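Only one structure is covered here, and it is reproduced in the block below.
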Amino acid sequence: MTKPISSQMYHFTQNNPEGIGQDSVPALLRRIATTIEELGQVEVYDLIMHNEVTDDGSDWPSITVYFDYAQEAEQDESEGDAPGIT
């Protein structure tokens, strides 16, 4: 029997507000950077950019960020079989 996958990864997708500037990739990257900083200590695994074309033909890019909280990973490693220091 195969062992079930026990790891977990988080993600969010973000775009600029609809309207003037919705197609600005530099503004979108700044928004993504701000959101990542607000998450705290995270490890980012992947960024995937998508582009939607609205009904009026305008570009509307979005970015999906895949990440994990770094503190959880550190806790998992500290619970291993390593002997304690006395």
Side-chain angles (χ1 to χ4, degrees):
M1 175 176 242
T2 60
K3 182 178 177 181
I5 297 172
S6 62
S7 63
Q8 183 173 5
M9 187 178 300
Y10 300 91
H11 73 279
F12 67 89
T13 301
Q14 193 168 13
N15 55 8
N16 291 321
E18 186 174 9
I20 297 171
Q22 74 184 26
D23 61 344
S24 174
V25 174
L28 177 57
L29 291 170
R30 284 189 287 276
R31 291 172 62 81
I32 292 290
T34 298
T35 300
I36 290 171
E37 287 176 339
E38 290 172 353
L39 289 171
Q41 292 294 321
V42 297
E43 187 171 344
V44 175
Y45 293 105
D46 205 357
L47 300 165
I48 300 176
M49 186 169 167
H50 309 272
N51 191 47
E52 180 181 334
V53 178
T54 61
D55 291 338
D56 67 358
S58 300
D59 287 333
W60 198 1
S62 64
I63 295 177
T64 301
V65 178
Y66 294 91
F67 69 96
D68 195 6
Y69 291 96
Q71 295 168 340
E72 289 179 15
E74 290 172 10
Q75 287 176 348
D76 290 344
E77 290 173 9
S78 66
E79 294 173 1
D81 295 332
I85 299 175
T86 56

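All figures in this text were calculated on a predicted structure; none of them were measured in a lab.
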With a 4.5 Å cut-off on side-chain heavy atoms, are [Y] and [X] touching?
X	Y	answer
Arg31	Pro17	yes
Val44	Ile36	yes
His50	Thr64	yes
Met49	Pro61	yes

Val42 vs Asp68, test: side chain to side chain contact (heavy atoms under 4.5 Å, CB included). Steps then yes/no. CA-CA 6 Å; Val42 297; Asp68 195 6; over 6 Å; no
Under the side chain to side chain contact (heavy atoms under 4.5 Å, CB included) criterion, do Val65 and Tyr10 qualify, and how do the steps go? CA-CA 8 Å; Val65 178; Tyr10 300 91; over 6 Å; no
Side chain to side chain contact (heavy atoms under 4.5 Å, CB included) between Met9 and Phe67, worked out: CA-CA 6 Å; Met9 187 178 300; Phe67 69 96; 5.9 Å; no
Which heavy atom of Leu28 sits nearest to which heavy atom of Asn15, and what is that distance? CD1-CA, 3.6 Å
Hey, is the main chain of Ser24 close enough, under 3.5 Å, to the side chain of Asn16 for a donor-acceptor pair?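 Side chain of Asn16 to backbone of Ser24: a pair is present.
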Using a 3.5 Å distance criterion without hydrogens, assess whether the side chain of Glu37 forms a donor-acceptor pair with backbone atoms of Thr34.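 No.
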Tell me whether Phe12 is reachable from Trp60 by hopping between hydrophobic residues (I, L, V, M, F, W, Y) whose side-chain heavy atoms are closer than 4.5 Å.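 They do not share one cluster, since no chain of ILVMFWY contacts under 4.5 Å joins Trp60 to Phe12.
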Could you tell me if Thr35 and Gln14 have a donor-acceptor pair between their side chains, going purely by distance under 3.5 Å? yes
Does atom CG of Asp55 have more than 12 heavy-atom neighbours from other groups under 6.0 Å away? no
Begin from the C-alpha positions of Thr54 and Gln22 and carry the test side chain to side chain contact (heavy atoms under 4.5 Å, CB included) through to its verdict. CA-CA 10 Å; Thr54 61; Gln22 74 184 26; 3.6 Å; yes
Under 6.0 Å between the ring centres of Tyr45 and Tyr66?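 Between Tyr45 and Tyr66, the centre distance exceeds or equals 6.0 Å.
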Euclidean distance, Ile32 CD1 relative to Ile63 CD1, rounded to 0.5 Å: 5.0 Å
